[in-house]
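Along the sequence shown, residues are numbered consecutively beginning with 1. Quick note: numbers below take in every heavy atom, side chains included, and nothing from hydrogens, waters or symmetry partners.
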Amino acid sequence: MKVFNTTASCSPEEHYMVDISNRIADIRKLVDAGKYFTINRARQYGKTTTLNALDESLSAQYDVVSLDFQDMTDANFADENAFTKGFAQLLCDTKNTMDIPLPDEFYDAFQKLANTEKPAVLNDVFRIFDNWCKNNERLIVLIIDEVDSATNNQVFLDFLGKLRSNYIKRTKNRKYRTFQSVVLAGVTDVKHIKSKIRPDEDADKENSPWNIAADFLIDMSLSEDGIRGMLDEYEADHHTGMNTVKMAKLIWEQTSGYPFLVSRICQLIDEQVSTRMGVARAWSGNGFNEAVKLLLAENNTLFQSMTRKLKEYPGLKKALHSILMNGTKLTYTAQTDSIAVMQMYGLIKNDHNTVVVANRTFEQMLYNIFFSEEEMQSNVFSNSGELDKNRYIKNGKLNMKAVLEGFIHAYTQTHGELKESFDEEQGRKSFLLYLKPIINGTGNFYVEAETRSQRRTDVIVDYLGEQFVIELKIWKGAKYNEDGEKQITDYLDELELKTGYMLTFNFNKKKEKGIREVELNGKKIIEAVV
């Protein structure tokens, strides 16, 4: 029986996975065209799974040599001699373990090079490559995974330079035989490798050794339809009664198709949530919310990688904090280092030339980090929420109306009456800090990115299978308030809810502070005014 997998590579024979045959067909077009390129994607984005499927697809037409630089050690990158011998040994070891199509005569040549006591240079490897490509019956494709293992080493750039030189020779002389295609896979792209090794002031070393690479624009995220196909296969095996269309939509909206996150949510539902609430409920909205809660509580390798980058790049962390906590609009500029780094590590994406966090899961993870830092500073609203928590939860039910009443009291006690100098961002953050300890450990919340502006923010709370929508906004007059009421009723229709909530920060001296209920279009809106 197949299982969901979140470690190493996925295999369609062993694991439930999204069909990536269309992606492989698109990558094959680059290989068939003789392109050299790099697959740069964030950690656990399905690169190795894609390379394995690509290898299998290409093997009918080409001799495919798939290597993994994780099999090289730091000592192999000490200098040109060590790298040359280490790379030659890697080819031989991979031939022995993975049976790559390396003919015996060239295996012997690489083995001799690996064991020679004389100093070895890269040209020694490439002379063997030249003879191999020249005399081989079929064209050869070279694939190297985990090139990040080499990113801090000048000798790796020299290796790329030799591949580039042979590629250029082929363009000048079509009779010259070299690799049909070279595919490198990793997180870091060559531009960032260069910046680590070759300082800006060293002008004669500014050209990238990989400027021959074709653009790799193929979408490697998983589509909603693809996720549904995977769930259909699972359902055919397990007969849970799930609505695969609805579940696929929930998973895609939570992950934006990030492969690890998709598989991990499914794995948590299958292996943990189903044992707690039964298979039928597990593969429903309730089970999905429980899986998301479990996911966000993990310190998995992907989240560890993300948090390390926040520590390494304080400017990156500051930018993300501003986007999420202050509603800042950051223009997407590929040439800005912090934006390039955020995108390279999968934290952000370009949405109509605006920087947005890549998916809802990462948003929630980042909110948890930022709020935890606020809580450690003894934030008054976080403390108030924690103290008031037991007043708002009875028999497992969250009383959101009471939460809003409590927040109004806490805010007024702390700040008094609002003034025109009111800090809008601080008001939004204060409510979220008040809310988080109330639902922490049992519920989740997220902010709709499309509404995270200085005028309104929609917060969606999931608590033990019940969903709440709270619109946070600034008072801009009666007409604006009526528009807000209409917007929230439309949103309630979309989510199939009957009750919504509005929290308005109003510095009008004639305001009616407190709670009121409004009936509109068959919906109940509970409005709270600070």
Is it the case that E527 and T504 place a side-chain donor and acceptor less than 3.5 Å from each other? no
Check this for me, if you would: do K29 and D26 make a salt bridge, where the nitrogen-to-carboxylate-oxygen distance has to be below 4.0 angstrom? yes
So how far is it from F37 CZ to L217 CG, rounded to the nearest 0.5 Å? 11.5 Å
Quick one: do the Y491 and E448 side chains pair a donor with an acceptor below 3.5 Å? yes
Are the ring centres of Y45 and Y258 closer than 6.0 Å? yes
For N359 and T255, test the side chains for any donor-to-acceptor distance below 3.5 angstrom and give the result as yes or no. no
Distance alone, cut at 3.5 Å: any donor-acceptor contact between the side chains of N40 and K47? no
F468 CZ to F445 CZ distance, which is reported to the nearest 0.5 Å: 15.0 Å
Ignoring hydrogens and angles, state whether a donor on the side chain of D237 or Y16 is under 3.5 Å from an acceptor on the partner side chain. yes
What pair of heavy atoms forms the shortest contact from A358 to G346, and how long is it? CB-O, 3.2 Å
Do L58 and V31 come within less than 4.5 Å of each other through their side chains, counting heavy atoms only? yes
For the pair K309 and E312, find out whether any cationic side-chain nitrogen is under 4.0 Å from an anionic carboxylate oxygen. yes
K473 vs N481, test: side chain to side chain donor-acceptor pair (under 3.5 Å). Steps then yes/no. CA-CA 9 Å; K473 64 186 184 65; N481 194 67; 2.5 Å; yes
Going by distance alone, is a donor N or O of one side chain under 3.5 Å from an acceptor N or O of the other, for D32 and Y62? yes
Apply side chain to side chain contact (heavy atoms under 4.5 Å, CB included) to the pair L295 and F303, showing each step before the final yes or no. CA-CA 10 Å; L295 173 64; F303 290 174; 4.2 Å; yes
Sole residue of M502, E517, E471, E519 in side chain to side chain contact (heavy atoms under 4.5 Å, CB included) with I525: M502
To the nearest 0.5 Å, how far apart are CG in D490 and CG in L495? 11.5 Å
Considering only residues two or more places apart or on different chains, which pairs with a residue in residues 259-282 satisfy salt bridge (Lys or Arg N to Asp or Glu O under 4.0 Å)? R264-E298, R276-E290
Without placing hydrogens or testing angles, list every side-chain donor-acceptor pair under 3.5 Å for residues 222-233, not counting sequence neighbours.
{"from": "S223", "atom 1": "OG", "to": "G226", "atom 2": "N", "distance (Å)": "2.9"}
{"from": "D232", "atom 1": "OD1", "to": "T244", "atom 2": "OG1", "distance (Å)": "2.8"}
{"from": "E233", "atom 1": "OE2", "to": "K2", "atom 2": "NZ", "distance (Å)": "2.5"}

Verify whether the ring centers belonging to W283 and Y234 lie closer than 6.0 Å. yes
The complete set of side-chain hydrogen bond (donor to acceptor under 3.5 Å, both in side chains) pairs with one or both residues in residues 492-501, sequence neighbours excluded, reads D493-K523
With rounding to the nearest 0.5 angstrom, report the OG to CZ distance, S263 to F4. 7.5 Å
Could you go through L497 and Q467, starting from their C-alpha distance and side-chain angles, then the distance that decides it, and tell me whether this counts as side chain to side chain contact (heavy atoms under 4.5 Å, CB included)? CA-CA 8 Å; L497 299 174; Q467 200 166 49; 4.1 Å; yes
Does L316 form a side chain to side chain contact (heavy atoms under 4.5 Å, CB included) with L320? I'd like the steps, not just the answer. CA-CA 6 Å; L316 180 157; L320 290 169; 3.5 Å; yes
Between the side chains of K317 and E373, is the shortest nitrogen-to-carboxylate-oxygen separation below 4.0 Å, so that they form an ion pair? yes
Does a donor on one side chain and an acceptor on the other come within less than 3.5 Å for S284 and N286? no
Using the side chain to side chain donor-acceptor pair (under 3.5 Å) rule, take D55 and S59 through it: C-alpha gap first, then chi angles, then the decisive distance, then the call. CA-CA 6 Å; D55 185 338; S59 294; 3.0 Å; yes
With side chain to side chain donor-acceptor pair (under 3.5 Å) as the criterion, how do N5 and T7 come out once you've worked through the C-alpha distance, each side chain's angles and the decisive distance to 0.1 Å? CA-CA 6 Å; N5 179 51; T7 58; 3.2 Å; yes
Whether the Q267 and Q272 side chains hold a donor-acceptor pair (N or O, under 3.5 Å, no angle test) is what I'd like checked. no
What are the two closest heavy atoms between A291 and I265, and how far apart are they? CB-O, 4.0 Å
Using a 4.5 Å cut-off on heavy atoms from C-beta on, say whether the side chain of V469 contacts that of V459. no
Should the heavy atoms of other residues, nucleotides or ligands under 6.0 Å from NE2 of H409 be counted, would the total exceed 12? no
